[in-house]
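Report on the structure given below.
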Amino acid sequence: MRFSIFIILFIVFYTTSCSALLPTAKITAKVVDTEGKPVEGVDTFARFLTGTDATIVEGKTDKEGFFTATGKTIGECNINARKEGYYGAGVGFREVLKDYSKITRQWQPWNPTGIIVLKDIRNPTQMYAKYTGYLDIPILGKPVGYDLEIGSWVTPYGKGNNKDFIFIFKKSDKDAKPGSGNWSISYKLFFTNEKDGIQEYYPDKQNSHSRYPWPYEAPKAGYQNSIEGFSSIKDGYVKKSFDKKRNYIFRVRTELDDQGNIVEAKYGKIREDFQIGLSRTSLGVIHYTYYYNPTGNRNLEYDIKKTLFTFPRNESGMMGAEVSRP
């Protein structure tokens, strides 16, 4: 018992001593709205990583939108901001702090300022929002549709009726299994309904650190008819098209008038790309997180408290997960 207490005290003393020896960083955030105006009274939190632990400094922004904090750190720290009526956001300083003075024990540059843009919450709406879970690929080499409103492959492979997304899946080795050597599996997502489509979306620097990194409305133009993706391994090297920074905005169920103008359409978004891979029990799997707005307007703001799904089990027997981000 004494030995255990000694070990615990030693660890606490050692960790505390090591943290005390770390250089000090001073960092500042300026919090502004989307028009660049400073926001006063924002709840602000600075986090200074000290190794396996972190020190948190809390406060509020002043009249000019500034918040400054000081703490010992290994060089990784950030500031996050929250205020009612806005989406939370933050800024990191890991790439800013280049070195520290061995004389002053201070990270340089001293007191850099990062900009945090708070986007206002405008009009969150009910959506069909879902992480699909690992969807078993039902067939190779032939088109198969996915119904975004039902959250299922279309019949006869599922319960869906509308082919909002149409996939064709291919594998280089029909009998390929994980760990079986060289293989590749791919998908093509395409649309047959006129003017339905999809486009890539990469948040810019202002949006990438916001809890809501999307535009408020889907674009009117710029949609393409198809995209492709893959995952493969050759001679031990893994390659895949998945890009965590890549998102998508889509348009489906488009209705046109006699002149080819859009009368109505449904819009939505895909967060963090499509992922495809092999499975030991099926032809393969694909999974993604989507938000589908059934109202007919281009609004992309999702109200996380008003999902239209009840999350039944999908065809693979796995639960679709509730989406907790707007």
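- Here salt bridge (Lys or Arg N to Asp or Glu O under 4.0 Å) pairs that include residues 246-255, with residues two or more places apart or in two chains, are Asp147-Arg253, Glu149-Arg253, Asp164-Arg253, Glu200-Arg246, Arg246-Asp273.
- Annotation: side chain of Thr289 is in contact with side chain of Tyr291 (closest heavy-atom distance under 4.5 Å).
- Within the structure, salt bridge (Lys or Arg N to Asp or Glu O under 4.0 Å) contacts touching residues 86-111 (residues at least two apart or in different chains) are Glu76-Arg94.
- Using modelled atom types, no side-chain atom of Lys269 and backbone atom of Tyr201 make a donor-acceptor pair closer than 3.5 Å.
- Residues Val252 and Asn193 have side chains not in contact (no heavy-atom distance under 4.5 Å, counting atoms from C-beta outward).
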side-chain hydrogen bond (donor to acceptor under 3.5 Å, both in side chains) between Ser184 and Ser172: does it pass, once the steps are laid out?
-> CA-CA 5 Å; Ser184 68; Ser172 63; 3.3 Å; yes
Side-chain polar contacts of residues 223-232 - donor-acceptor pairs under 3.5 angstrom, sequence neighbours left out - could you list them?
| unit_1 | atom_1 | unit_2 | atom_2 | d |
| --- | --- | --- | --- | --- |
| Tyr223 | OH | Pro219 | O | 2.6 |
| Gln224 | NE2 | Ser226 | O | 2.8 |
| Asn225 | ND2 | Phe191 | O | 2.8 |

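- Both Leu283 and Phe274 sit in one connected hydrophobic cluster of ILVMFWY residues. Membership requires side-chain heavy atoms under 4.5 Å apart, directly or through other members.
- Of the possible polar contacts, none joining the Asn162 side chain to the Gly160 backbone as a donor-acceptor pair under 3.5 Å is found.
- Side chain of Gln199 to main chain of Ala221: a donor-acceptor pair is present (N/O by atom type, distance under 3.5 Å, no hydrogens or angles).
- Between the side chain of Trp183 and the backbone N or O of Leu278 there is no donor-acceptor pair closer than 3.5 Å.
- Within the 4.5 Å cutoff, side-chain heavy atoms of Thr295 are placed close to those of Thr125.
- The distance between the ring centers of Phe190 and Phe167 does not fall below 6.0 angstrom.
- Here the CD1-CD1 distance, from Ile139 to Ile168, works out to 10.5 Å after rounding to the nearest 0.5 Å.
- For the salt bridge (Lys or Arg N to Asp or Glu O under 4.0 Å) condition, the pairs that include at least one residue of residues 207-222, sequence neighbours left out, are Glu217-Arg298.
- Salt-bridge formation is detected for the pair Lys266/Glu264: a Lys NZ or Arg NE/NH1/NH2 atom is positioned less than 4.0 Å from an Asp or Glu carboxylate oxygen.
- Taking CD1 from Ile270 and OH from Tyr292, the interatomic distance works out to 12.5 Å, rounded to the nearest 0.5 Å.
- In the hydrophobic clustering, Leu256 connects to Ile262, either directly or through intervening members, whenever side-chain heavy atoms lie under 4.5 Å apart.
- At distances below 3.5 Å, at least one donor-acceptor pair connects side-chain atoms of Tyr290 with backbone N or O atoms of Leu148.
- With Lys159 contributing its side chain and Val154 its backbone, the two residues share no donor-acceptor pair below 3.5 Å.
- Separating the OH atom in Tyr302 from the CZ atom in Arg271 is a distance of 10.0 Å, to the nearest 0.5 Å.
- Side-chain N or O atoms of Glu301 include one that pairs as donor or acceptor with a backbone N or O of Arg122 at under 3.5 Å.
- A donor-acceptor distance shorter than 3.5 angstrom exists from the side chain of Ser101 to the backbone of Thr104, with no hydrogens or angles considered.
- Side-chain contact between Tyr212 and Leu300: present, with at least one pair of heavy atoms (C-beta onward) separated by less than 4.5 Å.
- Side-chain atoms of Tyr100 and Gln108, non-hydrogen and from C-beta on, never get closer than 4.5 Å to each other.
- At most 12 non-hydrogen atoms from other residues, nucleotides or ligands lie less than 6.0 angstrom from NZ of Lys163.
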Evaluation steps, ring-ring contact (aromatic ring centres under 6.0 Å, His included), between Phe250 and Phe165 | CA-CA 10 Å; Phe250 60 83; Phe165 289 171; 5.2 Å; yes
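- Once rounded to the nearest 0.5 Å, the distance linking CG of Leu97 with CD1 of Ile27 reads 7.5 Å.
- Thr28 places no side-chain N or O within 3.5 Å of a backbone atom of Asn111 that could act as its donor or acceptor partner.
- In this structure, Asn293 contributes its side chain and Gly268 its backbone to no donor-acceptor pair below 3.5 Å.
- Taken to the nearest 0.5 Å, the NZ atom of Lys240 stands 11.5 Å off from the CD1 atom of Ile233.
- Using cut-offs of 30° and 60° for the angle between ring planes, the Tyr288 and Tyr146 rings count as perpendicular.
- The shortest distance between side-chain heavy atoms of Ile276 and Ile185 falls below 4.5 Å.
- Side-chain contact check for Tyr128 versus Pro294: some heavy-atom pair is nearer than 4.5 Å.
- Inter-residue side-chain proximity for Trp214 and Tyr216 is flagged as unmet; no heavy-atom pair is nearer than 4.5 Å.
- For the side chain to side chain donor-acceptor pair (under 3.5 Å) condition, the pairs that include at least one residue of residues 55-66, sequence neighbours left out, are Asp43-Lys60.
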